[in-house]
Every structure is written in C-alpha cells, then in structure tokens.
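Both counts, for ligands and for their atoms, begin at 1 and track the order of listing. Starting from 1, each residue takes its place in the sequence as its number.
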Amino acid sequence: MGSADQFVTASMAQGSEAPAVVSRAAHERMANAIRALAMDAVEQAKSGHPGLPMGAADIATILFTRFLKFDAADPHWPDRDRFVLSAGHGSMLLYALLHLLGYEAMTMEEIKHFRQLGSLTAGHPEYGHPPGVETTTGPLGQGLANAVGMAIAERHLAAEFGADAVDHHTFVLASDGDLMEGISHEAIALAGHLRLAKLIVLFDDNGISIDGPLSLADSVDQLQRFEACGWSATRIDGHDPEAIAAAIAWAKSTDRPTLIACRTTIGFGAPTKAGTKDSHGSPLGPDEIRAARQRLGWTAPPFEVPADIRDAWRAAGQRSRPARLSWDKRIASLAADKRAEFNRRLAGDLPQEALAAAVRGLKEKLASAPKEIATRAASEFALEALTAAVPEMIGGSADLTGSNNTRPKGMAALSATHPSGRFIHFGVREHGMAAAMNGMAVHGGIIPYAGTFLVFSDYSRPAIRLAALMGQRVIHVLTHDSIGLGEDGPTHQPVEHLAALRAMPNLLVFRPCDAVETAECWELALRARTSPSALVLTRQNLPQLRTGFSPENRCAAGAYELVPAEGGEAQVSFFAAGSEVAIAVEARRLLAARGVAARVVSVPCFRLFGSAPADVSTAIIGTAPVRVGIEAAVRQGWDAIIGSDGAFVGMTGFGASAPGRELYRHFGIMAERCAEAAMAKLAKRSNR
Ligand SMILES: Cc1ncc(C[n+]2csc(CCOP(=O)(O)OP(=O)(O)O)c2C)c(N)n1
C-alpha cells in the first residue's frame, strides 16, 4: 500500500496542533502495526496478552495520532497529556505505541525481549520503565484510580500556576476488569464529585474476561453507573476511527469527566480466537497468527514495520512538538520566582532551607515547652509548620479528618469550585484515596499525605504496595495505632498491621514515641524521595520523652539509645516503639530500683534501622545479655532486633472493647511485666 503521503497530512507535516486525519486504510495499517507487534512479542515470549492490544489498537491509534499531547523526544515534558493503561495486562499495547512513536528507549530489541529479565518490556507496565510509562499497572483498577489523582494534580497546579503552565488531559484505557474492581467505584465517585472534566476514560468494552463472557459475572450498566457518579458517558463502536475521534472531541468539551465505552472485539483480527477468552492471555500460536496476518492484510515479517507506517507513527510522535516549544516559551516568560518555584516543585526538590527551619523551630518549641499529647496531635502540630514551609504538600483524610489530625488550621479544602485548596475530603474511600495519592505523586509537583485509621490500612494496602514498588513519596498518616485506642474494640484495634506494613519492601513505617520523634519522622518521610512512608500515630496522650534540644534527627538511624544504663554495664536492653517506649522507660526504672542496669532503645523505623551501617546498628543493639521487645502488637519482625531468645511483651491475638488503659493492663503490656520478663531471662542465664 501507498506512500507516506497517505499518512502525513499537511497539518501534521507542518507540526500544527490540529488533529491529523488519515484515510481509513491508512488508519487500519497503523493500527495493524500495533496488532502485529503484540502478536509477535507475545508469541516470542511464549507468554502475555495479545487480546487487548489487538482489540484496542484502533482506539489507541486515534488517541495517539490525533489527540494526545506529548512529545516522544521529551517524555518528561510536565504539561504532556497523561495516558494510563489501567488494564496493565495489555502492556504490549503501550510498548508497541512507545516503539512506533519513536520513544528512544523502546527499541525493537526491547519488543523482542518482551517479558525477559532486564528488558524494558516488563510483563506489566512499570512506572518510568521506560519513560512514557506513566504509572505501574497490572492490579486491575489501580490505574484508573491513579488517573483520578493525576487529574486532581493537574487541576490543582493549574489553579496555582495558571493554564499557561499547566493545562493537560488525563486519558485512561480501562477494561471490564478495571471497572469490576471495587476501587473503580471509589475512583469514579471522587472524580465525578470533584468534576475532573479533563479526565477521559476509554473503556475497552469487549465483554470478555478470563473466565469467558462478561455475562457470567457482571450485568452492570456502566454508562448509567458513571452518569450516576456525575460523569458524561457515551457508547461507540471502538473500531470506527471517526466515531472514536468524535467521542474524544466531545469528551474534551464537556464540563465533567467522561466515559467512552468503546465496543471492541478482543483479539481483533485473529480468525478463530477473536471475540473469545482464548485471545485474552496466551500466545495465539503460529497458525492463528499466520491467518490473522492474512485477514488483516499484514504482509511484513515478525518484528518488522513497513517504512511508510513507521514514518507515519514517528510523525505522530512529534505532532505536539510545537505545543511543547510554545510551552517552553511560556514557562521562560514567567516571573523568575514563579518559574523557579514551578520548576522546583516539578523536579520534586524540597525547599531545603524552609523545611530545615520549620523542623528546627518545632524541636526548639518542644524543647522549651514539652507537650504531653497524642502523637496524632503532635503530627498536627508538626504539619502546621511543615505545610507552611512545603507548599506542595496536599493533605487529606478518608472521612476521619478530626481523628487523623491531618488538616492544619487554615488549610482550605480542595473542591470542584476551589481547586487551589490543599486539603482533600476523600470520603470513606481508603483504597481510592491511596491510589489517587499515587497518581498525584507520579504526576509530579505534589507531595500527597492523607489519613485513616491504621487498622484500615488493609483497605489501602494494594495501593500502598504500588507506591512502594514505584518508589513514590506518598505519606500515609495512620492513627489509632493499637489497643490504646480503647473502646472501639477489636474491629478497630490493629495488632498485625505493623508487621504487615513493615514487611513491605521500600515502605518506611514510622512509629514515633513522642512529639519530638513525630517531628523528626515527618522530616524523614518528606526527605524520602523514593519511598512511601506510613506515620503510625496514637490516639492517646504520651509523655514527651525527648527533652532538651538536639539539632540532629535521632530517628534517622531507625533506632537509637534513648536512655542509657546507669550504675554499670547494661544487663538488659529494652527495645520499644511508639507508645510502648514510655513503658520501657518505666520498666528500666523498676529494674534500677532492683539494682539491675538497663537501657532503653527507641525503634521508630525498622527499615531505616535495618539499612543502617553494621557498626551503627551493632552499637545500638548493644551488648546487654538480655533483650526485651515491647510493642502493643504481634511479635513478628521483632526477632531481628531482640533475637529469637529475646523476651517480647505485646499482643498474641485480637484486642477487646474497653478503655485503653484497662486494655494495656488486661493484656499485660505494662512496665511491671516487662521488668519481670527481663528478670526471668536474667535468672535463666545465671542458672545455666
Ligand atoms: C486486582 C486484579 N485481580 C485479578 C487480576 C488478574 N486478571 C488479569 S486480566 C483479568 C480480567 C480480564 O478481563 P478484562 O479486564 O476484561 O480484560 P480483557 O480480557 O478484555 O483483556 C484478570 C482477572 C489482576 N490483574 N488484578
């Protein structure tokens, strides 16, 4: 078939922003390039999902060649439109696009190494791997919910810096599976409520999932569901280029987020497997591929793209370059201080001086007037200073604002009519909240933090895991951290959650013991550029154990000696976190009264302690023959610090409903018990 002229229209060649329209035949050949690459890569890998890329190729071709604002030569352009492949199993769609559009890193070699160790073509898309992959997807529903966060970020930054600097859309390709997941409901309800008009979801409405036809398990009217959530919605033929284009143009014009349900055939082009579950998640096989090539009229050998089609795709990859260049100019013409601030935020660099001054100010205040407050209140105290110093911090809560203390005085709510606000009422949507926070973080320009009860971190865990996997600075404020919360009872009292969160790679779990540690842990969370954090905080008041002023952030090593032994070498080391550190201090006093020297080590962050240099951690562990761990939670994880022969005072089962103090007595998490446990261990040693 024809020459490049068929593809590259005048408007495209001149680099105009006007959508480039190509003939139907040309469109089909461009879409078939995606289909062929997907079939071939999955076949070569002997694993993967050809069905979605083949079915959604028309949608993607129209979106990327006519609408999406991006520049393949500058994947990090801050004002690019975002494209989220929420149905991450269709990763070959994204990889084929990046390759065809001319993203430098996505070579044909990478396509050939789909799903192989060390390749850029991971099984499911991984954030930034390569640039052009906007977020990690695969766990269904997460991408859609991330996109809500991206759209919030866009809206907020546009309100703050103006449309000259920030003005882009967020597009999502979502599958049946994405829309069946519960998180989708939290996400779309929030997006509709906030009227995120620049969020456009293209639904690959193919009626097929792994088990077979969708009718086996689902009969939701998605259009009605989205409309009920405040969206615009329409249904089109997802193989009709002009219908796709018209729907996207319409979606861009509405004042609501938009769902475009695109009726497609999964595995489009595969003669026997199209339209069936057999094309969803396994190689089509050589015979089916041969026949599909014939049916599609695709004559090129595997992993080859005819030059005219390649040129047309490359031109699409450069289509928005003029838009990027004029954006560059607009940014250059911003006032110098505004430009510097915009660039700083987008780069993710902290305002170092302001942050250091805020932390120092907090610690000076606490040194001169110690506070006996809950660490959740200490967190609010810290946030008042920190959010003033770090304007990119956007706070929130899943309907527990007054309990999580995440809204410092004077922080305005971010709403549909007031997007420059900095506090998000996420509603009772922990999972959607956590995923939206991930979206804000990967969008850039924002450091999201938001709260719920620690026990409900189970509801947000899948999104926290993705933040950890993506290395994103997302801060979870998790209050009501133990049986100490009291009367709400065992449904609300976390016991295994600390162990579960500490088990997650790259997540920094902070459990500060007082107001000073809370300030220090906040500082560490903000400075952790490539890790999410969980700040685990109490409902009940705690004494301030750190008195006096120390400029050093003592929590930085993850653990440190809070109270040294007196009257000789330590016989006992108490290790505790959070509210139990005060119990350890009291236990030490009880032992001292019995002539036994003991020391107290506060352990605010296991992960940081685990990564401290060996000489530092050895010194902190110390040489006392008896080690006792204290935490109102399960023992799991503590053996790394106290050894399997250490004593542990904590929880072995669920809590109960009663006042918190009473529960501590009931479950024996008391200084007397800790002292006894230490004495018993000492006695055992001397009887050896
Ligand atoms: C949270 C989660 N649960 C389960 C899966 C496994 N899984 C991958 S794709 C899929 C469903 C496939 O149906 P659909 O989303 O319609 O995709 P299509 O078959 O159209 O490609 C499932 C259950 C997953 N990736 N994420």
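Ordered by chain and residue number, the residues placing a heavy atom less than 4.0 Å from ligand 1 are Leu52, His89, Gly138, Pro139, Leu140, Ser175, Asp176, Gly177, Glu181, Asn206, Ile208, Ser209, Ile210, Ile266, His280.
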List the atom pairs, with distances to 0.1 Å, where a side-chain N or O of residues 205-215 and a protein N or O form a donor-acceptor pair under 3.5 Å, not counting sequence neighbours.
| unit_1 | atom_1 | unit_2 | atom_2 | d |
| --- | --- | --- | --- | --- |
| Asp205 | OD1 | Arg263 | NH1 | 3.3 |
| Asp205 | OD2 | Arg235 | NE | 3.0 |
| Asp205 | OD2 | Arg235 | NH2 | 3.0 |
| Asp205 | OD2 | Arg263 | NH1 | 3.2 |
| Asn206 | OD1 | Ile208 | N | 3.0 |
| Asn206 | ND2 | Asp204 | OD2 | 3.4 |

Kindly list each side-chain donor-acceptor pair under 3.5 angstrom involving residues 458-466, sequence neighbours excluded, with atom names and distances?
| unit_1 | atom_1 | unit_2 | atom_2 | d |
| --- | --- | --- | --- | --- |
| Asp458 | OD2 | His497 | NE2 | 2.9 |
| Arg461 | NH1 | Ala500 | O | 3.1 |
| Arg461 | NH2 | Ala500 | O | 3.0 |

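Figure legend: Arg502 and Phe606 shown as a cation-pi pair, the cationic atom lying under 6.0 angstrom from the six-membered ring centre and within 45 degrees of its axis.
Formation of a donor-acceptor pair under 3.5 Å by the Asn32 side chain with backbone atoms of Arg35 is not found in this model.
Using bins of under 30°, 30° to 60° and over 60° for the plane-to-plane angle, the ring pair Phe64/Phe83 lands in the perpendicular bin.
With sequence neighbours excluded, no residue satisfies salt bridge (Lys or Arg N to Asp or Glu O under 4.0 Å) with Asp81.
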